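Take a look at the structure set out below.
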Amino acid sequence: MLKIIKYPDDFLRKKSEEVKDFKDPQIAKLVSDMLKTMEAEKGIGLAAPQVNSSLRICVVRVDNTAHILINPKIKSFSRKKEVFEEGCLSFPGKFFPVERPVKVKIKAKDLDGRKIKIKAEGLLARVLQHEIDHLDGVLIIDRIVK
Ligand code: NI
């Protein structure tokens with residue numbers, strides 16, 4: 001189990017760095033620990049900066065499917081947006097209305113460094129955008145709908 005960094009810790013504002021060495025056994029260990037921590041905390045997403053790592057890695061679990069994304073990038077957004085109350089393990093017990101595109105296309109790498117593409121909509125699209133925000137030091141409080 002990893003300790004989750006809570007707001008307003010400055011570490012959450014740091015931009016993450018791309019994973020370059022996919023053979024580094026610490027990467028697989030980190031991902032495995034992140035999946036366990038996310039499950040134990042009943043979260044549906046977790047980004048490496050929330051567990052004190054500056055690597056561009058996040059994990060998401062929606063509809064009983066776990067996604068592991070390394071070096072993810074959003075390639076396109078739908079024009080249509082929606083407002084939804086979002087929570088975050090770094091803001092325990094808090095929820096904020098956040099507006100995001102309904103659909104996204106994402107490119108990333110898997111644990112072996114192979115390219116993956118994800119087309120997501122609804123909750124999965126929202127969680128993926130939330131976690132990728134973490135990798136850029138962006139938090140839900142930056143996106144609250146006024
Ligand atoms: Ni979060």
Side-chain angles (χ1 to χ4, degrees), residues 1-20 22 24 26-111 115-146:
M1 277 282 292
L2 301 167
K3 188 174 172 278
I4 293 182
I5 293 179
K6 308 285 184 342
Y7 177 80
D9 193 310
D10 281 346
F11 194 80
L12 294 171
R13 293 303 191 176
K14 233 181 122 187
K15 206 169 149 51
S16 305
E17 287 156 33
E18 294 226 324
V19 171
K20 295 209 172 77
F22 286 84
D24 182 349
Q26 285 186 1
I27 306 290
K29 169 83 172 104
L30 173 64
V31 166
S32 159
D33 288 348
M34 284 173 68
L35 286 166
K36 282 180 203 153
T37 303
M38 174 173 71
E39 196 158 329
E41 300 283 344
K42 303 197 187 323
I44 54 175
L46 186 65
Q50 293 179 278
V51 291
N52 205 36
S53 161
S54 308
L55 292 170
R56 278 190 90 76
I57 298 175
C58 62
V59 294
V60 167
R61 185 190 291 275
V62 172
D63 293 334
N64 272 320
T65 305
H67 299 269
I68 296 163
L69 290 91
I70 300 180
N71 301 343
K73 253 192 206 115
I74 298 179
K75 300 308 286 184
S76 65
F77 302 92
S78 62
R79 197 171 293 178
K80 191 183 168 204
K81 293 181 181 179
E82 236 167 37
V83 177
F84 193 79
E85 295 273 320
E86 277 183 33
C88 177
L89 293 174
S90 296
F91 293 83
K94 296 221 167 74
F95 292 88
F96 303 101
V98 175
E99 186 178 52
R100 298 194 190 268
V102 175
K103 294 182 186 178
V104 285
K105 285 183 190 162
I106 291 168
K107 266 186 166 176
K109 297 266 175 83
D110 69 10
L111 269 174
K115 285 180 190 169
I116 50 174
K117 281 183 192 170
I118 300 179
K119 267 168 113 177
E121 60 179 282
L123 183 62
L124 179 60
R126 179 166 293 271
V127 181
L128 288 167
Q129 291 175 77
H130 176 119
E131 301 313 327
I132 293 170
D133 268 354
H134 273 299
L135 304 179
D136 294 322
V138 176
L139 302 171
I140 45 177
I141 47 167
D142 305 330
R143 295 199 184 275
I144 296 176
V145 179
K146 308 267 162 22

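On a predicted model such as this, the values are computed, not experimentally measured, just so you know. Remember, it's 1-based here, ligands and their atoms both numbered in the order they're listed. In what follows, residues are counted from 1 in the order of the sequence shown.
Side chain of Ser53 to backbone of Ala48: no donor-acceptor contact under 3.5 angstrom is found.
Looking at heavy atoms from C-beta onward, Glu131 lies in side-chain contact with Gln50 at the 4.5 angstrom threshold.
Residue Arg100 forms a salt bridge (Lys or Arg N to Asp or Glu O under 4.0 Å) with just one option from Glu82, Glu121, Glu86, and that option is Glu86. For the side chain to side chain contact (heavy atoms under 4.5 Å, CB included) test with His67, the passing option among Val59, Asp110, Ile118 is Ile118; the others fail.
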Stepwise salt bridge (charged side-chain N to carboxylate O under 4.0 Å, His left out) check, Asp133 with Arg143 = CA-CA 10 Å; Asp133 268 354; Arg143 295 199 184 275; 2.5 Å; yes
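Under the 30°/60° scheme for interplanar angles, the aromatic rings of Phe91 and Phe96 are found to stand perpendicular.
Around the Ni ion (ligand 1), protein atoms of type N, O or S found under 2.8 Å number 3.
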